[in-house]
There are 2 protein chains.
Amino acid sequence: MTRQAAVRGRPRSEKAEKAIIGAALDLIGEGTSVSELSIEAVAARAGVGKTTIYRRWTNKEDLVGDALATLKAPLPALAGRSVREDLIVYLDVMRQDSRTLRTRCIMNIAMSEPERHPRLYERFRQSVIEPRRCALQAVLERGRASGELREDLDVELAMAMLSGTMMWHTKWASDLDPLPDDLAARIVDEALLGFRAR
Amino acid sequence: MTRQAAVRGRPRSEKAEKAIIGAALDLIGEGTSVSELSIEAVAARAGVGKTTIYRRWTNKEDLVGDALATLKAPLPALAGRSVREDLIVYLDVMRQDSRTLRTRCIMNIAMSEPERHPRLYERFRQSVIEPRRCALQAVLERGRASGELREDLDVELAMAMLSGTMMWHTKWASDLDPLPDDLAARIVDEALLGFRAR
DNA sequence: GAGTTTCGCTACGGGAGCGTATCGCAAGAT
DNA sequence: ATCTTGCGATACGCTCCCGTAGCGAAACTC
């Protein structure tokens with residue numbers, strides 16, 4: 001994997017690499033779409049020559065892909081004590097994420113550019129969406145098995161209801177009027193009225 | 001309102017105007033974002049000189065605003081026979097809309113460019129979002145008054161759950177795998193399990 | 001110290017789109 | 001017939017960005 005023969009010249013600057021990725025994320029976080037993102041702007045923001053960028057990435061998508069990959073927020077640990085508790089933790093992470101600029105920006109990319117940058121989207125889906133989706137699914141399946149939830153609950157639909165409701169809020173929330181702290185709990189409690197076995 | 005003094009020269013071609021708006025909608029529908037949309041491309045697509053566009057609209061946002069305004073889909077008529085029926089009609093319109101290209105494109109604008117084009121977004125919100133939002137709210141309030149729904153139902157949250165769940169589906173639906181016909185009914189029935197008075 | 005590679009910087013030719021101006025023709029009012 | 005305005009077309013100078021090349025300095029290995 002690593003160097004088998006000694007590297008001969010000046011090594012590539014790790015600092016420059018991080019500056020480039022950081023600059024790209026900053027720009028995207030400020031609302032620049034992937035298509036609008038220019039290498040020149042990234043280089044200027046990073047305090048780096050364009051050459052340094054082209055030497056590492058052959059196209060914009062690869063750069064953005066690597067940049068987004070560094071953001072993969074850790075999956076929240078779900079204690080598994082109760083479905084309600086796990087769901088609240090899960091949704092509250094979404095709520096908190098919606099307040100940070102960078103997460104908003106990757107949401108924008110994920111939401112609005114799937115068909116425009118399919119490879120980028122696919123990569124993002126596998127590294128970020130799919131694991132979370134599985135975690136949520138597991139919580140609901142577990143609840144169904146334990147009897148906390150209805151036997152005939154449509155898990156796919158339930159996932160869409162939970163995520164969709166929080167997503168709806170995060171999309172329409174303004175910066176001035178952030179989402180209330182107990183939003184996750186209120187969503188989960190309302191949803192569980194229907195999900196629960198009775 | 002109209003001409004008080006006679007119009008002196010050659011009148012503006014209504015045909016050209018429609019061609020311009022149509023071209024703009026086509027391009028946006030094909031995935032061009034508002035920022036990427038170029039006047040030159042619109043003019044070329046419409047078979048029109050750039051001058052003809054600049055004579056009517058001073059900036060891109062006004063043009064796109066007028067274009068989107070022509071799309072305002074009619075609010076679905078809600079019969080008012082039952083909450084369940086009204087909600088299904090309401091959500092099913094969302095589902096059907098998600099299959100037409102132009103509706104998808106205005107959704108993209110509404111979802112991803114609110115901060116980038118605030119005036120455009122505001123206009124869209126008032127002409128499209130707000131009326132629908134009011135209609136949905138009215139259905140739920142009516143249901144609460146009639147006893148079909150819980151007295152203590154959080155109407156705002158219920159609206160987010162219904163719309164958010166359908167929106168979630170429309171966002172992740174692929175063209176190959178369209179949303180099932182009974183999706184609206186399934187969402188409503190699942191939600192009503194919690195919303196209903198018991 | 002010699003050799004090699006990367007560094008930030010500047011400059012290049014080229015393409016795309018901007019918004020404006022000007023053309024000769026078209027379409028109406030007077 | 002004359003006047004006025006809109007029409008499509010073309011061209012202009014401008015800005016932004018592309019991707020590449022060359023510069024001298026810097027950072028390593030040998």
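By convention in this document, chain letters (A, B, ...) are assigned in the order of the sequence lines, proteins followed by strands, and residues within each chain are numbered from 1. Everything quoted here is computed from the prediction, not taken from an experiment.
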Review point. Can you check the B/R55 CZ to C/dT22 P distance for me, whole Å?
Key: 14 Å
Point to revise | D/dG6 OP1/OP2 closer than 4.0 Å to side-chain N/O of B/T52 | key: no
**Study point:** Donor-acceptor pair present, B/T51 side chain and D/dC7 base, under 3.5 Å
**Key:** no
Review point. Atom CD of A/E17 to atom P of C/dT6: distance rounded to whole Å?
Key: 12 Å
Study note, to complete from the structure: Nearest-nucleotide check on DNA chain C, A/G49 vs B/S38; residue mapping nearer the 5' end is A/G49
Exercise for review: Could you check how far OH of A/Y54 sits from P of D/dG22, rounded to whole Å?
Suggested key: 17 Å
**Study point:** Length of the line joining A/I39:CD1 and C/dC9:C1', which is rounded to integer Å
**Key:** 17 Å
Practice item. Nearest whole angstrom, please: distance from the P of D/dT4 to the CZ of B/R12. Key: 18 Å
Check your understanding: Do the charged groups of B/D66 and B/R123 touch, with an N to O distance under 4.0 Å?
Key -> yes
Check your understanding: Is A/R144 salt-bridged to A/E151, going by a charged N under 4.0 Å from an acidic O?
Key -> no
Check your understanding: Which whole-number value in Å describes the distance from A/K60 NZ to D/dG19 C1'?
Key -> 13 Å
Exercise for review: State whether B/D62 and B/R56 are salt-bridged, where the test is any N-O pair (Lys NZ or Arg NE/NH1/NH2 against Asp/Glu carboxylate O) under 4.0 Å.
Suggested key: no
**Study point:** Residue pair B/D92, B/R95: steps toward the salt bridge (Lys or Arg N to Asp or Glu O under 4.0 Å) verdict
**Key:** CA-CA 5 Å; B/D92 206 50; B/R95 180 187 66 88; 2.7 Å; yes
Exercise for review: Using heavy atoms to find the nearest nucleotide of DNA chain C for B/P11 and A/K50 separately, return the residue whose nucleotide is more 5′.
Suggested key: A/K50
Practice item. Measure the distance from CZ on A/R8 to C1' on C/dT6 and round it to the nearest whole Å. Key: 15 Å
Check your understanding: OP1, OP2 of C/dC25 versus side-chain N and O of B/R10: anything below 4.0 Å?
Key -> no
**Study point:** Which nucleotide in D/dG8, C/dG17, C/dT20 has an atom nearest any side-chain atom of B/E40
**Key:** C/dG17
**Study point:** Integer-rounded Å distance: C/dA16 P and B/L37 CG
**Key:** 17 Å
Check your understanding: Does a side-chain N-to-carboxylate-O contact under 4.0 Å join A/R133 and A/E156?
Key -> yes
